[in-house]
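Notes follow once the structure below has been shown.
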Amino acid sequence: GAVVSQHPSWVICKSGTSVKIECRSLDFQATTMFWYRQFPKQSLMLMATSNEGSKATYEQGVEKDKFLINHASLTLSTLTVTSAHPEDSSFYICSARAGTSYNEQFFGPGTRLTVL
Amino acid sequence: GDSVTQMEGPVTLSEEAFLTINCTYTATGYPSLFWYVQYPGEGLQLLLKATKADDKGSNKGFEATYRKETTSFHLEKGSVQVSDSAVYFCALFQAGTALIFGKGTTLSVSS
C-alpha cells in the first residue's frame, strides 16, 4: 500500500515551547489528512480533519489555537502543538486519504511527544 | 454518535492457540467494519474488512464476520503465531467521516 511518513518519530521538549510534527504522503496525493491522538490503553481519538488548501475541521473539545494544523500541499500536513504542557504528552498519528473511501486511508507510524 | 467497543487486553496466548478478540459497534446507518493491526514501531495496517451484513473478511489466517443482528465483528484466528503479537484495533467507517476506532487490544503470543 501507499506510504505515509511522520517526522520526528519522537520528540522531547520543555514546557511552554512549540513543537511541529510533519506528515507526508510519499507516493500519492492526499486530498484529506487526519490527525489522531492516542493515549496509553485508549483508542485513537480523532483530533482534526484537514483538506488541502482549506482550514482544518476540529473535533469537539480540541483547541484549534493550541493544535495548529496546516495542509499546505497534497503531500504534506503539519501539526504544531503550541505552548506545550506535560498534559499534551501523547502519541500523535496522522493518516492520509486519496479519495473518499476507507481503503484509501493510510497511517503514519506516529510521533511520541514528551513535554517536560 | 457512532462508537466501537472492543475487549480490553492484554491477551496472552501460547503459540498455536485459538484467538478471539470481541468487537461490538453502535452506529446509525450501515457502516463498513475493519480490523487494523499495529506492530511495534509501525503504523496501523488494514488487516481485513467487511462492508455489509454477513460479509466475512479474512487475511493472514484471521477472520471476522459482520453480524448486524448482534452489531458485532469479532476477530478470530485458529492458530496464532509469535509474529501475530501486536495491537489490534476494530474500527468502523461511514461515508463522509473519518474512521472511528476501538481502544485496541494488545495480543502477546509466546512460544
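Everything numeric in this text was worked out from a predicted model, so none of it was measured. Note on naming: letters A, B, ... go to the chains in the order of the sequence lines (proteins, then strands), and numbering restarts at 1 for each one. Every heavy atom of this structure was used, including side-chain atoms; hydrogens, water molecules and symmetry mates were not.
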Ordered numerically, the heavy-atom neighbours of chain B under 4.5 Å found in residues 108-116 of chain A are A:Gly108, A:Pro109
Mind checking whether B:Phe101 and A:Tyr36 have ring centres under 6.0 Å apart? yes
Under 3.5 Å, which donor-acceptor pairs do the side chains of residues 45-56 of chain A form with other protein atoms, sequence neighbours left out?
residue	atom	partner	partner atom	Å
A:Ser50	OG	A:His71	ND1	3.0
A:Asn51	OD1	A:Thr32	OG1	2.7
A:Ser54	OG	A:Asn51	O	3.1

Show every donor-acceptor pair shorter than 3.5 Å between a side-chain atom in residues 59-68 of chain A and any protein atom, with sequence neighbours excluded, or say none if there are none.
residue	atom	partner	partner atom	Å
A:Lys66	NZ	A:Thr82	O	2.9
A:Lys66	NZ	A:Ser83	O	2.9
A:Lys66	NZ	A:Asp88	OD2	2.9

Flag if over 12 foreign heavy atoms under 6.0 Å of OH, B:Tyr39: yes
Check each atom of A:Gln38 against the heavy atoms of chain B and say whether the ones under 4.5 Å are side chain, backbone, both or neither. side chain
Applying side chain to side chain contact (heavy atoms under 4.5 Å, CB included) to B:Ser83 and not counting sequence neighbours gives B:Gln81
Would you say the side-chain atoms of A:Gln105 and A:Ser95 include a donor-acceptor pair closer than 3.5 Å? yes
Under 4.5 Å from any heavy atom of chain A - which part of B:Gln45: neither
If you count heavy atoms of other groups shown closer than 6.0 angstrom to NE2 of A:His85, is the number above 12? yes
